[in-house]
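Beneath this line is the structure, given in structure tokens, with notes to follow.
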2 protein chains.
Amino acid sequence: MATNDPAREGENLLFLTDEQLRKGIEAMFFAYRGFTADPDRILADYGLGRAHHRALHFIHRSPGTTVNNLLSILGVTKQSLNRVLRTLVEEGLVESRVGQRDRRERHLRLTEAGRTLEQRLSDAQRDRMRAAYRSAGPAAVAGFRQVLEAMMDEETRPSYETLRDGGG
Amino acid sequence: MATNDPAREGENLLFLTDEQLRKGIEAMFFAYRGFTADPDRILADYGLGRAHHRALHFIHRSPGTTVNNLLSILGVTKQSLNRVLRTLVEEGLVESRVGQRDRRERHLRLTEAGRTLEQRLSDAQRDRMRAAYRSAGPAAVAGFRQVLEAMMDEETRPSYETLRDGGG
DNA sequence: TTGGAATGTCAACAAGGCTGACGTATTCTT
DNA sequence: AAGAATACGTCAGCCTTGTTGACATTCCAA
């Protein structure tokens with residue numbers, strides 16, 4: 001174990017020990033499970049899955065976004081996303097409009113029902129996040145965000161920083 | 001948007017606004033993707049998936065752990081875990097020994113090859129975690145961990161706090 | 001000896017990833 | 001105007017990883 005290797009002293013600033021890193025890795029695993037648990041339960045009632053939640057979330061966040069844009073944010077294939085979007089449109093949760101400037105594009109929006117479901121889902125997820133934030137305090141939250149941002153892929157960070165706005 | 005609703009003043013301590021919470025939710029999503037990206041690439045070379053990685057990780061962490069114990073940590077069905085374990089045993093990465101005290105139990109250990117792969121995987125994951133920790137600094141790391149721990153389910157937190165030690 | 005616990009296994013199914021191929025508008029480029 | 005490129009949809013098939021349900025085996029304990 002490199003943990004007790006005195007040769008790497010300069011690097012072993014307490015919070016960089018293998019043990020600390022392992023704890024962080026496990027914390028991510030367990031926390032992510034908690035993070036998705038509440039929405040998953042709600043989605044099950046609708047016969048939908050986590051993939052639908054992600055689509056709803058980002059369409060809600062960027063109304064009028066195009067399929068291609070959503071594709072690059074979610075990082076899945078168009079076939080995969082299409083299956084999800086088809087269901088959402090069929091269920092009357094999402095509306096797909098032909099673009100005005102470029103008629104090849106489809107602009108996506110939540111319907112009233114879609115907004116309602118999205119609200120339920122994000123309320124559940126926010127409740128947990130809020131509770132975690134509250135119990136940890138503002139300083140911890142800042143650190144939390146800093147570490148998460150540093151953990152993203154370089155290419156995905158732009159998607160996070162500023163999601164492209166959908167035309168309309 | 002409830003964000004600017006002055007009626008909820010007591011609760012709107014800046015870091016609890018809907019906008020802040022949404023950012024946190026998205027940060028979790030994107031960061032988790034980065035978090036798993038490196039191991040996933042390695043696993044693909046071996047024809048293995050993320051489920052195998054999780055099993056390897058926790059077997060490495062608690063050598064001699066039982067199937068049942070692993071089951072409760074991973075939170076999947078025995079059929080699901082069994083499929084994963086069978087592959088790992090077949091590939092010579094994990095060894096399953098009949099328990100001595102209770103011969104119904106199977107105690108799991110990594111083989112030499114298993115240790116090698118686990119090392120490769122966790123090195124990749126730790127590298128990213130280390131980079132994130134380093135760029136964020138010790139205070140941020142403490143906050144990161146605090147928030148993650150608060151975000152876990154009550155029932156899963158014990159698994160995180162102290163993983164049961166495998167006998168044998 | 002018998003009930004229950006721990007484990008393994010078979011079968012079937014679903015979600016949600018993937019690749020490849022193809023079709024159809026539409027727009028851009030030459 | 002013709003052809004290339006783009007945006008999107010769709011069909012078909014495959015994989016991983018989760019789920020249920022049913023059932024066999026082995027072994028511990030009452």
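First the proteins, then the strands, lettered A, B, ... as listed; each starts at 1.
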Q | Contact state string [nucleotides 19-30 of chain C, B base, S sugar-phosphate only, - no protein heavy atom under 4.0 Å] | A | BBB---BBS---
Q | Basic-acidic side-chain contact under 4.0 Å: B/R120, B/D123 | A | no
(Q) Does this structure show an ion pair linking A/E161 with A/R157, if we count only N-O contacts that are shorter than 4.0 Å? (A) no
**Q.** Nucleotide C/dA6, atom P - distance to CG of B/L81 in whole Å
**A.** 15 Å
(Q) Show me the pairs that pass salt bridge (Lys or Arg N to Asp or Glu O under 4.0 Å) and involve residues 47-60 of chain A, at least two apart or across chains. (A) A/D40-A/R50
Q) Could you give the distance from CD (B/E26) to CG (A/L148), rounded to the nearest 0.5 Å? A) 12.0 Å
Q: Using whole Å, report how far CZ of B/R83 lies from C1' of C/dC10.
A: 12 Å
Q.
Short of 4.0 Å, heavy atom to strand atom, which residues of residues 34-50 of chain A count as contacting DNA chain C?
A. A/G49, A/R50
Q: For residues 31-51 of chain A, pull every pair meeting ring-ring contact (aromatic ring centres under 6.0 Å, His included), keeping only residues two or more places apart or in separate chains.
A: A/Y32-A/F35, A/Y32-B/Y32
Q) Reading DNA chain D 5' to 3', which nucleotide is the first, and which the last, to come under 4.0 Å of any heavy atom in chain A? A) D/dA5 to D/dC11
Check residues 78-94 of chain B and write down every donor-acceptor pair under 3.5 Å in which the side-chain atom is one partner and the other belongs to a residue at least two apart or another chain.
unit_1: B/N82; atom_1: OD1; unit_2: B/R86; atom_2: NH2; d: 3.3
unit_1: B/T87; atom_1: OG1; unit_2: B/R83; atom_2: O; d: 3.0

Q) Are A/E112 and A/R115 within salt-bridge range, i.e. N to O under 4.0 Å? A) yes
Q) What is the distance from atom CD of B/E149 to atom OG1 of B/T156, rounded to the nearest 0.5 Å? A) 11.0 Å
Q) Is any side-chain N or O of A/R54 closer than 4.0 Å to OP1 or OP2 of C/dG17? A) yes
(Q) Would you call the rings of B/F30 and A/Y160 parallel, tilted or perpendicular, taking 30° and 60° as the class edges? (A) perpendicular
Q) Is the closest basic N to carboxylate O distance between A/R33 and B/D153 below 4.0 Å? A) no
Q: Using heavy atoms to find the nearest nucleotide of DNA chain D for A/N82 and B/H52 separately, return the residue whose nucleotide is more 5′.
A: A/N82
